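Below, read A as the first sequence line, B as the second, and so on, with proteins coming before strands; counting in each chain starts at 1. We use all heavy atoms of the structure for the numbers below, so side chains are in, but hydrogens, waters and symmetry mates are not. Predicted model only: the values in this text are computed from it and were never measured.
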There are 2 protein chains.
Amino acid sequence: MSVIQGARERARTEVTAAIKQEARNQLAAEGAARLSLRAVARELGMVSSALYRYFPSRDELFTALIIDAYDAIGAAAEEALAATAGEPPADRWTAVCRAARDWAIAHPHEYGLVYGSPVPGYSAPQDTVVPASRVGLALVAVVRDAQRDGLLGPPQGRPLAEPVRTDAAHLASELAPDLPIPTIAALVAAWAQVFGIVSFEVFGQFNGVVEARGPFFDQAAGALGAQVGLPTPAETPAPER
Amino acid sequence: MSVIQGARERARTEVTAAIKQEARNQLAAEGAARLSLRAVARELGMVSSALYRYFPSRDELFTALIIDAYDAIGAAAEEALAATAGEPPADRWTAVCRAARDWAIAHPHEYGLVYGSPVPGYSAPQDTVVPASRVGLALVAVVRDAQRDGLLGPPQGRPLAEPVRTDAAHLASELAPDLPIPTIAALVAAWAQVFGIVSFEVFGQFNGVVEARGPFFDQAAGALGAQVGLPTPAETPAPER
DNA sequence: CAAGAAAGAGAGCACTGCTCTTGCTTTCGC
DNA sequence: GCGAAAGCAAGAGCAGTGCTCTCTTTCTTG
């Protein structure tokens, strides 16, 4: 990837970015279903057919937006991870969860693009799997750091059923050989559960049910951290608060 | 609602049902985004404008499908609730969760309609709130029955933050005055978390991560039940009396 | 039985995603 | 430096969409 590039190539990346940005605007304003290539082109002062030089189809544009959204929410989580280095693991866990949730609240339609029902025919190609895992990996990092510092307890819950253990062992060997298998299983469950709460909040399922959504989320995220084995602040040997 | 009705009215309900059924077929085949009123009409041998006698707009058709989907998944949950009456609460909890999850796996696009990103502009009108709550109420019923039978323990987790307690108290007075406030809060969280796992499974987030999805789900659902305060089978006291 | 309501048919509008052809501009091999 | 090749934008056009309007047919009801 050369930093310097010809005028043509530079223009291309700029136009590509402009298209995506305008698409994001329309996404936020109208929702994914009403996002129109022609409207994007119109807003950019170009003709609709010209847009196909940059994205071969509407679904490809969506895919690009999906990857960007995964990267954005993943970056938010990683930022919280880095910003809390050295703090008690339970606090870090909550901070990472909270960062993902705050991003989702701020970008509901983009969030829906990635964690809602898959919109295009059935895309989600291979390009999305790495960005899609960033939030999960940030959560893993919190737990690994806790383990490294001797602050990780056993996860709550009953002993693992055999097939679950097999899956978790497979995962462990791939991304965290230093963590106990039951911890990995609990981590995956907690990962999905965090997004369950975020999705309910973003998609309106909590309307009329939960009003204090921030505190509710923090409470639930904290409980999930405890479930994974992170010591609650009270039992953390470190000072603080 | 009169049971007997004129031929015209009967035809109307039949055509309405046929339209929804064909729409569901297309939904399953092509996804919500590609569902076309004209294609539905074509398949039914009618002209597209005639369809507007039954649904004033595409979004209204969607709303009808959404309500039906909420009712279907709610009915599945309630059926599991009734079928397990008398069994240990933890088993009932898992059964209800599992029923909702199995329905979702069997009807992924309909599930996406209700628990994915809201598709139409921003509908989800008042008509949907009662059907939408059926699964949640089935979970509440499991816990209430456990409480009635003296089988409900305290929920796991830290003491409730004040705003969370306020919300939970409000909810309790509405739908389960006999349950402790912390239990209600844990219940709401567990409710959202169950759907987090279901959504991840249905929407493909577990691809390449979790393979044994049934056992994984049962394990996670069981853990959530324990979190709410349902005794795990081991600690269930023999049916007293 | 006749007046009224309800239902279907068809044409048409504005819009969509996408393709193809036509010119123009930038890049690159010689 | 120049001609060929590639990249780019524009315009017309196609098939399809949601939705409206008008007109005709069918059923319900006083």
Worksheet item: So does B/Tyr54 get a side-chain nitrogen or oxygen closer than 4.0 Å to the phosphate oxygens (OP1/OP2) of C/dG8?
Response: yes
Response to the item:
Between CD of A/Glu60 and P of C/dG17 the distance, given in whole Å, is 15 Å
Practice prompt. Identify whether any heavy atom of B/Ser48 sits under 4.0 Å from a base atom; if not, whether one sits that close to sugar-phosphate; answer base, sugar-phosphate or nothing.
Written response: base
Practice prompt. May I ask you to verify whether the side chain of B/Arg38 and the base of D/dG18 hold a donor-acceptor pair under 3.5 Å?
Written response: yes
Discussion item. Output the rounded distance in Å from CZ (B/Arg58) to P (C/dT16).
Written reply: 14 Å
Discussion item. Without decimals, in angstroms, what is the distance between B/Gln26 CD and D/dT17 C1'?
Written reply: 13 Å
Response to the item:
Among the nucleotides C/dC18, C/dC20, D/dC19, whichever has the atom closest to the side chain of A/Ser49 is C/dC20
Discussion item. Just so I know, are the side chains of A/Glu201 and A/Ile105 near enough to count as touching, which here means a heavy-atom distance under 4.5 Å?
Written reply: yes
Do any side-chain atoms of residues 71-81 of chain A form donor-acceptor pairs under 3.5 angstrom with protein atoms, and if so which ones, sequence neighbours left out?
unit_1: A/Asp71; atom_1: OD1; unit_2: A/Arg134; atom_2: NH1; d: 2.6
unit_1: A/Glu78; atom_1: OE1; unit_2: A/Arg134; atom_2: NH2; d: 2.7
unit_1: A/Glu78; atom_1: OE2; unit_2: A/Arg134; atom_2: NE; d: 2.9

Worksheet item: Between atom CE in B/Met46 and atom P in C/dA6, what is the gap in whole Å?
Response: 16 Å
Worksheet entry | B/Arg34 bridged to A/Asp59 by N-O distance under 4.0 Å | yes
Worksheet item: So, does the side chain of A/Arg12 form a donor-acceptor pair with the base of D/dG7 at under 3.5 Å?
Response: no
Practice prompt. May I ask you to decide if the ring planes of B/His107 and B/Trp103 are parallel, tilted or perpendicular, using 30° and 60° as cut-offs?
Written response: parallel
Discussion item. Between C1' on D/dA10 and CZ on A/Arg42, what's the gap in Å once rounded to a whole number?
Written reply: 16 Å
Item to complete: Check the angle between the aromatic planes of B/Phe200 and A/Tyr115 and answer parallel, tilted or perpendicular using the 30° and 60° thresholds.
Response: parallel
Response to the item:
Whichever of B/Pro56 and A/Val47 has the more 5' nearest nucleotide on DNA chain D, that residue is A/Val47
Fill in: Interatomic distance, A/Glu30 CD vs C/dT16 P [rounded to whole Å]
11 Å
Item to complete: Quick one: label A/Leu61 by what it contacts on the DNA or RNA (base, sugar-phosphate, nothing), any heavy atom closer than 4.0 Å.
Response: nothing
Protein N or O to nucleotides 23-26 of chain C N or O, pairs below 3.5 Å:
unit_1: C/dT26; atom_1: O2; unit_2: A/Arg8; atom_2: NH1; d: 3.0

Practice prompt. Specify the residue among A/Ala39 and A/Arg53 whose closest nucleotide of DNA chain C lies further upstream toward the 5′ end.
Written response: A/Ala39
Discussion item. Classify A/Leu51 by what it touches in the nucleic acid, base, sugar-phosphate, or nothing, heavy-atom distance under 4.0 Å.
Written reply: nothing
Discussion item. Measure OH/A/Tyr52 against C1'/D/dG11 and give the value in whole Å, please.
Written reply: 15 Å
Worksheet item: Parallel, tilted or perpendicular: which describes the rings of A/Phe216 and A/Phe206, with under 30° parallel and over 60° perpendicular?
Response: perpendicular
Worksheet item: Is A/Phe55 touching bases, backbone alone, or none of the nucleic acid, heavy atoms closer than 4.0 Å?
Response: nothing
Item to complete: Verify whether one side chain among A/Ser133 and A/Tyr70 offers a donor that lies under 3.5 Å from an acceptor in the other.
Response: no
Discussion item. Taking A/Glu211's backbone N and O only, do any of them form a donor-acceptor pair with B/Asp167's side chain (distance below 3.5 Å, no angle check)?
Written reply: yes
Practice prompt. Output yes when at least one side-chain N/O atom of B/Arg10 is less than 4.0 Å from OP1 or OP2 of D/dT28, else no.
Written response: no
Worksheet item: Taking CG from A/Leu35 and C1' from C/dC15, how many angstroms apart are they, rounded to a whole number?
Response: 15 Å
Fill in: C/dC15 phosphate, OP1 or OP2, under 4.0 Å from A/Ser36 side-chain N/O
no
